[in-house]
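To start, the structure under review is shown below, and the notes come after it.
The sequence lines fix the lettering, A, B, ..., with proteins before strands; numbering per chain opens at 1. Fair warning: this is a prediction, and the values are worked out from it, not measured in the lab.
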There are 2 protein chains.
Amino acid sequence: MPNAMGDALDTIAAETVRQPLAERRLLHESAVDRLRDMIVQGVLTPGTKLNERALCEQLGISRTPLREALKVLSTEGLVALQPNRGAVVATLTEDRVREIFAVMGALEALAGELACRNMTADQLNEIRALHYQMLAHHARGELAPYFRCNQEIHLAIVEASGNATLVASYASLNAHVRRARYMANLSQARWDQAVAEHEKILDALGRRDAGPLQDLLKNHLGAKLTVVLAALGALADNAKETADAAYD
Amino acid sequence: MPNAMGDALDTIAAETVRQPLAERRLLHESAVDRLRDMIVQGVLTPGTKLNERALCEQLGISRTPLREALKVLSTEGLVALQPNRGAVVATLTEDRVREIFAVMGALEALAGELACRNMTADQLNEIRALHYQMLAHHARGELAPYFRCNQEIHLAIVEASGNATLVASYASLNAHVRRARYMANLSQARWDQAVAEHEKILDALGRRDAGPLQDLLKNHLGAKLTVVLAALGALADNAKETADAAYD
DNA sequence: AAGGCCCTTTTTGTATGCAAACTGCTGCTC
DNA sequence: GAGCAGCAGTTTGCATACAAAAAGGGCCTT
């Protein structure tokens with residue numbers, strides 16, 4: 001045994017230099033994922049100028065895969081490309097949020113209908129499990145984990161439709177509004193109500209009762225829209241104040 | 001006047017060397033458009049391997065913008081990227097077509113509802129004009145122009161919803177099925193029936209009668225699905241025969 | 001002092017170069 | 001003869017190089 005640390009070092013080297021089994025991901029793909037996360041989680045706020053050189057350094061890649069990633073995010077709508085003038089994080093206007101929610105409403109309604117028809121018992125159980133996990137976060141007042149659970153439930157319902165195209169469309173639109181959602185400051189009353197709505201949704205799902213489920217989903221989404229718009233307004237006000245402060 | 005041809009030559013030079021006012025489009029953008037057209041119109045058939053060097057030559061660009069275009073088309077779902085193994089035109093399975101039609105059904109239903117509420121008189125008139133143009137093509141038995149008109153009408157209805165997000169989602173999905181649509185061989189009976197359905201759709205639109213309109217759109221799309229699936233089956237059979245012939 | 005012009009610097013868009021991965025073929029082994 | 005190792009050629013993924021466009025800044029003009 002020449003070196004007790006040999007194994008550990010080899011492991012690290014294998015992970016950093018070359019992933020043998022993990023089938024090393026392509027640079028532009030991981031760049032897309034990382035940038036998307038940064039945008040959705042609000043690290044990169046709407047309107048932020050995306051300097052290629054700076055992002056390259058931050059991600060440790062060259063401009064070629066970065067630019068490919070920006071093109072992808074642009075077709076996803078999260079980034080706006082201005083010819084010869086670079087990329088900026090797409091802004092979210094109130095109108096656009098309303099548009100997105102309208103489309104998501106149609107998609108969720110379809111998902112609910114299909115889920116009632118196609119959902120497996122396992123899928124239903126998983127949704128139930130996520131629901132109880134969410135209840136726990138609600139009881140403890142843990143907002144961020146609650147949001148994550150909440151998202152997973154909605155995604156699980158859409159996935160239970162068994163329609164991959166629907167899942168992709170829904171996920172793409174969802175990424176846009178999640179940006180605003182992360183900074184939503186739920187009142188306790190609205191939070192409690194949202195949980196109650198989820199209870200009813202789960203109930204309808206369990207009975208595979210498509211009609212009422214669609215109505216419940218629609219109302220739930222409508223309430224979410226109100227919350228998101230409020231968050232968006234608050235955000236805009238903050239930005240305005242900051243801008244005003246610059247003039248003081 | 002030193003040279004009578006001077007103006008013409010200058011014009012050509014200006015167009016080929018540098019577009020001054022037309023704000024020369026970016027190479028990767030036009031590449032996306034050209035490749036998308038080739039895929040949708042069936043020049044590049046599903047499963048075709050996309051060799052970068054060959055496409056570069058064909059489009060007269062280098063690999064960088066071409067690869068950016070492939071990434072974009074991949075996120076649109078029209079091509080599939082195989083890491084380290086290149087890109088192929090995405091295949092259209094029957095299941096996938098059914099999925100797409102299910103989602104498009106939900107989107108068209110929403111579009112119909114919103115159009116009844118938001119459509120301007122001008123938009124309705126434009127749809128009427130397109131409809132009559134389509135009737136002319138039907139009367140003359142001109143299939144390809146009929147399809148184009150047909151597409152434009154459906155897109156115009158979605159646009160009349162006033163929801164840009166809805167338009168984008170619809171257009172993206174529509175690109176996929178248009179591939180199959182181009183090779184659909186409509187029977188005269190089905191063709192006549194489709195025109196009759198359009199007549200009713202236009203009527204409901206004119207009355208801004210959302211409920212019946214949604215039903216009509218849904219039935220119309222269901223009939224289209226049948227036609228597309230038949231075309232897809234015929235295509236698959238052709239491919240199979242060709243493959244079989246190779247063994248003779 | 002305000003505005004515009006020109007020059008420098010930065011940034012973007014595209015082409016090219018290079019290394020790793022894949023493909024296909026030859027020849028060897030069993 | 002089937003199958004596999006190994007090598008040559010091709011293709012992909014990424015980095016870099018270069019040119020055109022935009023942004024910034026100083027100087028001059030008015």
Side-chain angles (χ1 to χ4, degrees), chain A residues 13-36 38-39 44 47-75 78-90 246-247, chain B residues 13-36 39 44 47-75 78-90 246:
Chain A
E15 280 176 6
T16 52
V17 174
R18 179 183 306 199
Q19 271 98 333
L21 291 175
E23 197 66 32
R24 193 189 64 141
R25 298 198 55 211
L26 267 30
L27 289 188
H28 62 86
E29 278 185 21
S30 29
V32 167
D33 288 344
R34 291 181 63 181
L35 288 174
R36 192 195 292 113
M38 285 162 60
I39 293 173
L44 295 172
T48 305
K49 177 96 196 316
L50 297 174
N51 183 295
E52 292 183 5
R53 231 164 264 282
L55 282 179
C56 285
E57 246 178 73
Q58 194 171 346
L59 299 182
I61 62 180
S62 83
R63 286 180 60 218
T64 305
L66 176 78
R67 286 173 59 80
E68 289 171 355
L70 290 178
K71 300 286 178 299
V72 169
L73 291 171
S74 163
T75 75
L78 289 175
V79 160
L81 296 181
Q82 303 163 317
N84 291 316
R85 299 187 52 191
V88 296
V89 179
Y247 288 101
Chain B
E15 278 175 8
T16 53
V17 173
R18 179 182 306 200
Q19 272 98 332
L21 290 175
E23 198 64 34
R24 192 190 66 141
R25 298 196 54 210
L26 266 29
L27 289 188
H28 62 260
E29 278 184 22
S30 32
V32 168
D33 289 343
R34 291 180 62 180
L35 288 174
R36 192 194 293 112
I39 293 173
L44 296 172
T48 305
K49 175 93 197 318
L50 297 173
N51 183 296
E52 293 183 4
R53 232 166 262 283
L55 282 179
C56 284
E57 247 179 73
Q58 195 171 345
L59 299 182
I61 62 179
S62 82
R63 286 180 60 220
T64 305
L66 176 77
R67 286 174 57 81
E68 289 172 354
L70 290 178
K71 301 286 179 299
V72 168
L73 292 171
S74 164
T75 75
L78 289 176
V79 313
L81 297 180
Q82 303 164 319
N84 291 316
R85 300 185 53 192
V88 296
V89 178

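- Atom CG in A:Leu66 sits about 12 Å away from atom P in D:dC14, given to the nearest Å.
- Summarising the geometry, the separation between CZ on B:Arg25 and C1' on C:dG13 is reported as 15 Å, rounded to the nearest angstrom.
- For the side-chain contact (heavy atoms from CB on, under 4.5 Å) with B:Leu50, the qualifying choice from B:Leu35, B:Leu73, B:Leu81, B:Val79 is B:Val79, the only one to do so.
- Counting any heavy atom pair closer than 4.0 Å across all strands shown, A:Lys49 reaches sugar-phosphate atoms only and no base atom.
- Between A:Asn51 and B:Gly60, the one whose closest nucleotide on DNA chain C sits nearer the 5' end is A:Asn51.
- A:Val32 pairs with exactly one of A:Leu78, A:Val72, A:Leu66, A:Leu27 by the side-chain contact (heavy atoms from CB on, under 4.5 Å) rule, that one being A:Val72.
- Side-chain contact between B:Thr48 and B:Ile39 is absent, with no heavy atoms from C-beta onward closer than 4.5 Å.
- Nucleic acid contact class of B:Leu50 (heavy atoms, under 4.0 Å, all strands): sugar-phosphate only.
- C:dT16 atom P lies 12 Å from atom CG of B:Leu27, rounded to whole Å.
- The B:Arg85 side chain lies nearest to C:dT23 when the options are C:dT16, C:dT23, D:dA15.
- Put simply, CD on B:Glu29 is 14 Å from C1' on C:dT14, counting in whole angstrom units.
- Phosphate proximity of D:dT12 to B:Arg53: absent, as no side-chain N or O sits under 4.0 Å from OP1 or OP2.
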The test is side-chain contact (heavy atoms from CB on, under 4.5 Å); show your working for B:Glu52 and B:Leu55 and say whether it passes.
CA-CA 5 Å; B:Glu52 293 183 4; B:Leu55 282 179; 6.0 Å; no

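- Contact annotation: A:Arg63 side-chain N/O to D:dT16 OP1/OP2 distance is not under 4.0 Å.
- Comparing D:dT16, C:dT14, C:dT12 against the side chain of A:Ser62 picks out D:dT16 as the nearest.
- What separates CD of B:Glu68 from P of D:dA15 is a distance of 14 Å, to the nearest Å.
- OP1 or OP2 of C:dG13 sits under 4.0 Å from a side-chain N or O of A:Arg67.
- The nearest whole Å value for the distance from the CD atom in A:Glu52 to the C1' atom in D:dA23 is 15 Å.
- The phosphate of D:dA20 (OP1 or OP2) has no side-chain N or O of A:Asn84 nearer than 4.0 angstrom.
- Phosphate proximity of D:dG13 to A:His28: absent, as no side-chain N or O sits under 4.0 Å from OP1 or OP2.
- Rounded to an integer number of Å, the gap from CG of A:Leu81 to P of C:dT12 is 11 Å.
- Out of D:dT12, C:dA15, D:dC14, the shortest distance to the side chain of B:Thr64 is found at C:dA15.
- Here the P atom of nucleotide D:dT10 and the CD atom of B:Gln82 are 21 Å apart, to the nearest Å.
- Here the closest non-hydrogen pair linking B:Lys49 and B:Gly86 is CE-CA, 4.3 Å.
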